[in-house]
There are 2 protein chains.
Amino acid sequence: MIKVNKQRLSLQVYDILKKMIADHRFSPGARINVEQITKEVGASRTPVWEAVHRLIQEGLLENIPNRGVFMLTLTPKVAIELYVVREALEGLAARSAVPNANERVLKKMAKLIDDQRKMVEGGDLVGYSRLDYEFHALVYELSGNRTLLEVLGTVKNKMRPLALHITPILSRLLEDHMEILAAFQARDADRAEAAFRNHNLKMIEQIKQNMNPDEWEEVQVGHGVGKKNSNSDVGDARSK
Amino acid sequence: MIKVNKQRLSLQVYDILKKMIADHRFSPGARINVEQITKEVGASRTPVWEAVHRLIQEGLLENIPNRGVFMLTLTPKVAIELYVVREALEGLAARSAVPNANERVLKKMAKLIDDQRKMVEGGDLVGYSRLDYEFHALVYELSGNRTLLEVLGTVKNKMRPLALHITPILSRLLEDHMEILAAFQARDADRAEAAFRNHNLKMIEQIKQNMNPDEWEEVQVGHGVGKKNSNSDVGDARSK
DNA sequence: CTATCAGTAATTTCATGAAACACGAAATAT
DNA sequence: ATATTTCGTGTTTCATGAAATTACTGATAG
């Protein structure tokens, strides 16, 4: 049986573009030729632009007036900012989730971790990522806070362009997950929050090690509050 | 002199609608007649729909296919969720901001609090709200975390429909601000975070008192993770 | 060699007719 | 009466021509 595609065109385009971004089909700073996309997907300008606007609003693309639409470059500064915010939100999620954990969920968590171990042993980064995503999503759901779920979604969305640039040490992330599970099993909200925060702090360390230190611009101890840095580095990126 | 508005039409409409929502020009669940808006603002459907779509995406409006666009009802459950998330984010903002505080900023904070006191004494709720907003914005900026600023912006955005339904006891909020300032003056990040969190917890209490208790649906200790509650109450709202 | 300017081309937004869609009301059949 | 189908109506999305805006190009003058 053939299913008809019921979704609005603009949403389809949005999904296509988001997938392309997630798959790193555009390098940072690269130009997105909107007109070409309309041709490729066989739609008209209206729905395509609607999708592009949404991605711009979400901070994945950038529009330089009358020059074009560009893939936003995720600077190390912003990357760390994202993880700092995520740390707070995931800490909250973990804390809220602990009281709601039941045996069934704990089993599921254990199963996921077990599967993750296999992926790590097999060196399957992509497979691991998917399970990692599921593991986190499970905790978010368990928090029972729909709003938190949404906000975390948008934050993690913005991280997508990052994924390829930092290669985490999988075995260590796995240890974190085990600690998280242990905290849940002990019904210890403080410990769960700490474990989740720790998970993120490790990623921040990872970023700092992987990236050019003189690009950091000091997130935590940021001196001024000026706006001068917000766009300048992106501007450089739009080569070609 | 008549200023020509250089901004994109869709953005203007977006701002207009957002302002109308903030001013409670639409009651919760009320239908937004998109066609009428196009007439009122003298624009065509395209930019108006773009604005409406954005508001839908931001969770302020809701689209029931081919029935119309409706003002979303903020349930007490969601309201509390929002404050729980905000608590975590503002706590982070405060903590990050403390190390960046200098004399100039502290002066500014003191000045804002002083102005707030006048508003409280004069019973000017609107005036107070504006200063309250500035006070918070000052801390967000000071955190130096642009991403945090953005996320907090979207969260507070979603709270807008709430403002009128809970009438806070201004004098107590003012006390909180004073405690926050004291924490900053003492350069005590823990204390600042606690003060900010406390500020939000009070609001949550306020909501619980102001609203019908049997609508709460238990946010913190939410039992299941089911999705059954996510939309049902909204559906009811689309009367008429 | 630099600056200025006009013409050109590309991007982006907007207006509007038309199509698609979903619901309810009526009409028809069971 | 109940079920099914058709039709009308209002909503929503889409396609496309046109207009507005501005970057780029290259020529000319200083």
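Hydrogens, waters and symmetry mates are skipped; everything else that's a heavy atom, side chains included, is used. It should be emphasised that the depicted structure is a prediction, and the values quoted were computed from it without experimental measurement. In what follows, chains carry the letters A, B, and so on, assigned in the order in which the sequence lines appear, proteins first and then strands, with residues in each chain numbered from 1.
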Whole angstrom value for the distance that separates C1' of D:dT12 from CD1 of B:Ile56: 10 Å
By the salt bridge (Lys or Arg N to Asp or Glu O under 4.0 Å) test, which pairs, at least two apart or in different chains, include something from residues 35-45 of chain A? none
Can you sort out the partners of A:Lys108 under salt bridge (Lys or Arg N to Asp or Glu O under 4.0 Å), two or more places apart, ordered by chain and number? none
For B:Phe196, give me all partners under ring pair (Phe, Tyr, Trp, His ring centres under 6.0 Å), at least two apart in sequence or on another chain. B:His136
Protein proximity profile, nucleotides 7-17 of chain C - base contact B, sugar-phosphate-only contact S, no contact -, cut-off 4.0 Å on heavy atoms: ----BSBSBBB
Who passes salt bridge (Lys or Arg N to Asp or Glu O under 4.0 Å) against A:Asp15, sequence neighbours left out? none
List in chain and number order the residues that pass salt bridge (Lys or Arg N to Asp or Glu O under 4.0 Å) with A:Lys158, two or more places apart in sequence or in another chain; answer none if no residue qualifies. B:Glu150
